[in-house]
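Lettering of chains follows the sequences in order, A, B, ..., and the numbering in each one begins at 1. Keep in mind the model is a prediction, meaning the values are calculated, not measured.
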Number of protein chains: 2
Amino acid sequence: MAAMAPREEWDEEEEQRQALREPLLGHLHSINLRRHARNSTSQIAIIGSNPCPIESLDYEMIESDLFNQDWRSRGRAAILQYIFLKWTLCFLIGILAAAVGFFNNLAIENLAGIKFVAFYELMLANRYWLAFGMFAASNLALLMFASTITSYISTAAGGSGIPEVKAYLNGVDAPDIFSLRTLVVKILGCITAVSSSLHVGKAGPMVHTGACIAALLGHGGSRRFRMTCKWLRYFKNDRDRRDLVTCGAAAGVAAAFRAPVGGVLFALESLSSWWRSALIWRAFFTTAVVAVVLQTLINICNSGKCGLFGKGGLIMFDVTSDSITYHLTDLPPVILLGVIGGILGSLYNFLMLKVLRIYSLVNEKGCAHKLLLSATVSIFTSCCLFGLPWLASCRPCPKKDCPSIGHSGNYKQFRCPPMHYNDLAGLIFNTNDDAIRNLFTTGTNDELHRTSILLFFVASYILGILSYGVVAPFGLFVPIILTGAIYGRFVGMLTGSSSNLDHGLFAILGSASFLGGTMRMTVSMCVIILELTNNLLLLPLVMLVLLISKTVADSFNANIYDQILKLKGLPYLEGHAEPYMRQLTVSDVVTGPLQTFNGVEKVGNIVHALRTTGHHGFPVIDDPPFSSSPVLFGLILRAHLLVLLKKKDFLPTCSRSGADASKMFMANDFAKRSSGKHDRVEDIELTAEEMEMFIDLHPFTNTSPYTVVETMSLAKALILFREVGLRHLLVVPKSSPRAPVVGILTRHDFMPEHILGLHPYLMRSRWKRLRISVPALKKYFRGFLMWACT
Amino acid sequence: MAAMAPREEWDEEEEQRQALREPLLGHLHSINLRRHARNSTSQIAIIGSNPCPIESLDYEMIESDLFNQDWRSRGRAAILQYIFLKWTLCFLIGILAAAVGFFNNLAIENLAGIKFVAFYELMLANRYWLAFGMFAASNLALLMFASTITSYISTAAGGSGIPEVKAYLNGVDAPDIFSLRTLVVKILGCITAVSSSLHVGKAGPMVHTGACIAALLGHGGSRRFRMTCKWLRYFKNDRDRRDLVTCGAAAGVAAAFRAPVGGVLFALESLSSWWRSALIWRAFFTTAVVAVVLQTLINICNSGKCGLFGKGGLIMFDVTSDSITYHLTDLPPVILLGVIGGILGSLYNFLMLKVLRIYSLVNEKGCAHKLLLSATVSIFTSCCLFGLPWLASCRPCPKKDCPSIGHSGNYKQFRCPPMHYNDLAGLIFNTNDDAIRNLFTTGTNDELHRTSILLFFVASYILGILSYGVVAPFGLFVPIILTGAIYGRFVGMLTGSSSNLDHGLFAILGSASFLGGTMRMTVSMCVIILELTNNLLLLPLVMLVLLISKTVADSFNANIYDQILKLKGLPYLEGHAEPYMRQLTVSDVVTGPLQTFNGVEKVGNIVHALRTTGHHGFPVIDDPPFSSSPVLFGLILRAHLLVLLKKKDFLPTCSRSGADASKMFMANDFAKRSSGKHDRVEDIELTAEEMEMFIDLHPFTNTSPYTVVETMSLAKALILFREVGLRHLLVVPKSSPRAPVVGILTRHDFMPEHILGLHPYLMRSRWKRLRISVPALKKYFRGFLMWACT
């Protein structure tokens, strides 16, 4: 067999045998060299639209003398306060998220509505060039406003914000992502950008908006505006903030799609990295509040006080076809729809990523370049949208109230004679929500022409890819749903009479397949689509299409949000261990000189360590005067050291402090500051005398950090690190006569770039992710045959 | 303030101050005494209907030399096989679960249908006593069959099985819960018990059935029937089995309610203790298969080949009211419905538990007593059901095809003159599914009389409580939904004209409130109700009712499944730490003499340890000949020691073995046996000579067990133990000159009974769970006022 195999394959087999023969720690000496290397993975990531420093969050329970004392002093009343506040905050998050979602919608419908009405009036007067000028200019102005406030006021508000929220919930913090400034820019920017007829959506930013509202409520408003409240002290830690932000994100989705159950599932399936049953129930409460508030607001609007805001409710597409029946003969086109949707979806991801790379090169050059790019994309979009309907032919009106002049009718006259309509104009010169509603409507099989649909599909596909990289706050959902709906209609038309399914249903299934192909969510997307279309009978078909398209697309590339996360350089910690992590031990990846402190440490040493390293945790070792042999006492955090240095309550000699720490400090002094904010060692001024004094670190040290033995495999350590949600994991030696701690693992040490950088031979190993490539497929097939035959 | 407080309160405050003054490890000397106490929590729990020994599952990654070698030898083909098998198994689980669910339904509809038709014929012939005799006798025979097979063939099949599956997914294994025998008894018993007109349901057992199918497929059928397959070796570990069982349970729920999304959510919210995004998607695939198979089978039945099986599909209650509108005025009755539903639900739980306690006293006495109890309950139920309609008055028929004679009509003539019907008989002499469908139907506000409804509600409430403890396989869902539906209708009738809501909708909301009050699930129940009723417009109201009833009921007691879990003595590990766990350190609860082995250990010592203790993990310590000082080498499992003893490949002297362990053993030799099965040390026979020989444990020892330092708080250790899913957690000393390991924590050490047994003073502490009691309420209120005023 081996003799017949081609040369390269033989090589690989030989390599595998070599690997098997090699003893487990054969490359031990090279590891010890590596111990002096540094972790070179970047601590900078693109947040919104600009690079920012990032940090991990502290989810670990700190158990120092001080903290334990504080916990003990909490009585029943305090626990009751805490519970009461938790639910009140969720209630407020729900109300505010619903209000913002409704306001966004109202503003967009009105802004875009005014624009479209003015445009039609000019078109009806046959003043085409003026109409185009008005259309392009207003689009440009709206988008430039969005891009300008994003670039100059809050760069963190750019994009959909979903990757940032996902990273936050995974334990990655970045400055400014949850500030009041970001919230305002996100809301205003999203309204103007979506109104500018750019091919973007408003659902993604709602996730960030909801999370932002939750985070702001949790730390009681912005500190700069002196709005922090004392009674929110229980929420001054990253664990409670994480829960609030999860509820906020769920509320955002619920408000965007008016899908309360879908919102909870979206947060659960796609955003959250840790989840508890209690949190499901709190998130569900939040989204229930959203649903009730939205319903009330919509009832108010139904009385006609909301301007051009449509009566169809928030984007909810009632597809109440009385008799949705499907048979076995409908399955082949539906399966085909899923397969092609998966391929198109993964291609969309691929192209989007290429475009984002190119755009980021432009955006890096400064604000002027960003604005120029926005302007270019806006003008290109305007030209496309205005030009396309000229290619479609005029069709005679099928019913009475046609062509419509209002803002949301399906039959636009455009350049046609009376009693005729231009089908493409009806799709284009509407808000995306209305276009989707038109496409989802059943019983309109003959209203759209095949060529128009194809043209619009191509335009929508390309514009969607080109638009997302522009610096402004908007999302991906709506363009993907729209593109999918057109694609579905087109498949429905091709199927023709061989299927009984209505083209409106094909459009829904098309949206599902496209969402499955790009976003790769299953349960949450399924529920959101059902809640959007308000039709449960579609469930089996939607499930089928989602599963097929996800499976197909997964064999080509990862989902769009994970790809954007990676592109932005956010150190997202995956839940599963890569196969090569089983081959490495913890000590294979620990890097950098370890900086430790003594139990009673000189102030100068602490300041030096804080200034020269970027570490956030330092092991505290008790040396002989305080113990018989070097003992690991615990781990102290940079933030806590800074509090101690600020207090300047130093000891003159190297001895244990007799004073009771709980009298000198309130536990609140050590409360975690709000997201992205932290003190800097440079801001603390100390005299030379003070630098020679000592601090007793014992009362402030976390005495029970989690530890792993150095021979543990990286995969096993990752499980602990990820499941418990750690920031620092101490590595202890196997045998005792050595130093009590040999290194610290952080999030960055588990990043593939770091590991593969240290161990380049793994790159060539067979443990890479399974992705389809032609030679691999052949090999799989042969392997499968061999296995089946034996 | 203190002077004015009553005596007992002052005491408590004083105690709190005392606790604060007390140093953290003040009771250290008493701990050291406790180190020699044993963990006295029971290793026996009630599984199904009989006490059985239980065991924990091994989710930890074992990293011994042998295992690592095996992992390394897995090539791409093996990984591909694994992935392929995983999905194939899910596919098979879906098909089988759907088929079983459908078969169950068909059998019940036909068995019960034949019984009811015969009963009506006798009633029409005015032979009342004969009709009653036939009814009672057939009910008794059916139930006795179910009870007999459960008592004599598989006691593990008794009850709904949901507590057992929930405990399994939490890491508690019991013999026989997933055997072929149990599966068969579960299916047959459920069919006969539900057909016997007992007030029980068939949904709960479907969860156990689905899980059982999944577990059996995972280990390739029963070993006794020589059906294990070699290519399933990848699934011979508890992690993969857990995933399969989760998918199976989801498929079971999906098949029971025809609710694919609800099934996934039920498994996620109520059953599973660990969850990953990848698993959501696999479970979703499984339930999608269930949905498609069910749809196909129902289509076949719609052609009328399934006997008395109704055409309405599996229990799906299409509530397609065209115009469900609700206004602010409908809110007060709906809120009231939720509040009272919560109270009734928690009362239901309370009474059910009392009854279960009494029944278990009877059941303990042996099979004859069990059968006697079943017979009593069956006869009582028959009398109740036959007697009740005599209390209802006859009502004139509202439409033409009334009274109906078939098996599922709403209008039963019972003892009435022609063209009249007895409303209560229509509800009682039907399967529960049909009764629920009748109650959920809209537009039938006047068909049922208020007195009948009230009578039936009381009967249903009491019968539901009395039935569940009977030894046979059945569930709680359907009786709770039915009781809730009647309760909802009754509230609807009381509301009268002040609400526009249809009584059918009130019935749905009543079911929701009762489910919320007893089961306390939110998202999954909400989705299941929506999928059952096929009406999304109800969503906001259902959410509201569920939230209210859960909140109200949660302030009285825990959900019914958790209470049954506790009653059964299953050591379920909660995800959150109780407040008192923050006060204790790990060393406060470690008990029992620690049994360790040397790296090279005498066979006799191992056998002695295995025989005299029940431990499943033993630390392996390397002593001076093999290392310079005592070093913790790792942890070895009882199961692996038994394999070594069976192999009898011993060393003559106390020295490291030079042979390559991977040549002597296949990794498969150490594969985990299927659920509930394990070898026993008593079955291994060794000569006196062999007992004096040695085994080198090094290659078989897990070299990287998770460890915690003895001063870590119990709460923090619990997070690690629970999140990572451990069976053994080693406790290491803070300072090195002591023995390298001071104890092992297992699941039982985290049980409240054990902890509170060791530290009885915690019982009186303020850290107990918050539950409403009148004095506590007063205190909360005062505390709240004080807090609000400061």
Side-chain angles (χ1 to χ4, degrees), chain A residues 16 19-20 24 61 63 68 71-73 75-77 80-81 260-261 264 269 275-277 280-281 284-285 288 291-292 295 522-523 526-527 531 534 536 539-540 543-544 547 575 582 627-629 631 703-704 706-707 709 711-713 716 719-720 723-724 734-737 766 780 783-784 787, chain B residues 19-20 24 61 63 68 71-73 75-77 80-81 260-261 264 269 275-277 280-281 284-285 288 291-292 295 522-523 526-527 531 534 536 539-540 543-544 547 575 582 627-629 631 703-704 706-707 709 711-713 715-716 719-720 723-724 734-737 766 780 783-784 787:
Chain A
Q16 291 182 13
L20 279 172
L24 247 155
M61 237 189 255
E63 293 188 331
N68 266 335
W71 170 260
R72 281 173 159 230
S73 65
R76 252 191 187 148
L80 205 75
Q81 262 182 52
V261 179
V264 175
E269 191 181 0
W275 197 267
R276 291 164 295 123
S277 193
I280 296 188
W281 140 233
F284 190 64
F285 170 75
V292 171
Q295 184 68 50
T522 48
V523 190
C526 184
V527 173
E531 290 189 288
N534 199 16
L536 268 169
L539 180 62
M543 285 177 94
L544 192 70
L547 284 169
R582 303 288 290 263
S627 73
S628 56
S629 64
V631 169
T703 55
S704 55
Y706 291 107
T707 57
V709 71
T711 56
M712 186 181 278
S713 81
K716 205 168 165 180
I719 292 175
L720 168 61
E723 295 297 327
V724 180
K734 185 85 187 174
S735 53
S736 54
R766 62 191 184 284
Y780 293 160
F784 182 74
W787 163 68
Chain B
L20 278 171
L24 246 155
M61 237 189 255
E63 293 188 331
N68 266 335
W71 170 260
R72 282 173 159 231
S73 65
R76 254 193 184 145
L80 204 75
Q81 261 182 53
V261 179
V264 175
E269 190 181 0
W275 197 266
R276 293 164 293 120
S277 191
I280 296 188
W281 140 233
F284 189 66
F285 170 75
V292 170
Q295 184 68 48
T522 49
V523 190
C526 183
V527 172
E531 289 189 289
N534 199 15
L536 267 168
L539 180 63
M543 285 177 93
L544 192 71
L547 285 169
R582 302 286 292 261
S627 71
S628 55
S629 64
V631 169
T703 55
S704 55
Y706 290 105
T707 57
V709 72
T711 55
M712 187 182 278
S713 80
K716 203 169 168 181
I719 292 175
L720 168 61
E723 295 297 327
V724 180
K734 185 85 186 173
S735 53
S736 53
R766 63 191 183 283
Y780 292 160
F784 182 73
W787 163 68

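Residues passing the side chain to side chain donor-acceptor pair (under 3.5 Å) test with A/Thr522, sequence neighbours excluded: A/Glu269. Among residues two or more places apart in sequence or in another chain, the ring-ring contact (aromatic ring centres under 6.0 Å, His included) test is passed with A/Trp275 by none.
Listed options B/Ile280, B/Leu544, B/Val709 were ranked by heavy-atom pairs under 4.5 angstrom with chain A; first place goes to B/Ile280.
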Checklist entry - Are A/Glu63 and B/Thr711 close enough, and set up right, to give a side-chain contact (heavy atoms from CB on, under 4.5 Å), and what steps lead you there? => result CA-CA 10 Å; A/Glu63 293 188 331; B/Thr711 55; over 6 Å; no
Next on the checklist: Using side-chain contact (heavy atoms from CB on, under 4.5 Å), reason through B/Glu723 and A/Ile719 one step at a time and then give a plain yes or no.
Outcome noted: CA-CA 9 Å; B/Glu723 295 297 327; A/Ile719 292 175; over 6 Å; no
Item to check | Stepwise side-chain contact (heavy atoms from CB on, under 4.5 Å) test for B/Met543 and A/Phe285 | outcome: CA-CA 8 Å; B/Met543 285 177 93; A/Phe285 170 75; over 6 Å; no
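Both the backbone and the side chain of B/Thr707 have a heavy atom closer than 4.5 Å to some heavy atom of chain A. Using a 4.5 Å cut-off between heavy atoms, A/Val523 contacts chain B through both its backbone and its side chain. Contact of B/Val527 with chain A is made through the side chain alone, with heavy-atom distances under 4.5 Å.
Residues A/Phe284 and B/Leu547 approach most closely at CD2-CD2, 4.0 Å, considering heavy atoms. The two atoms that bring A/Lys716 and B/Met61 nearest to each other are NZ-O, 2.9 Å, heavy atoms only.
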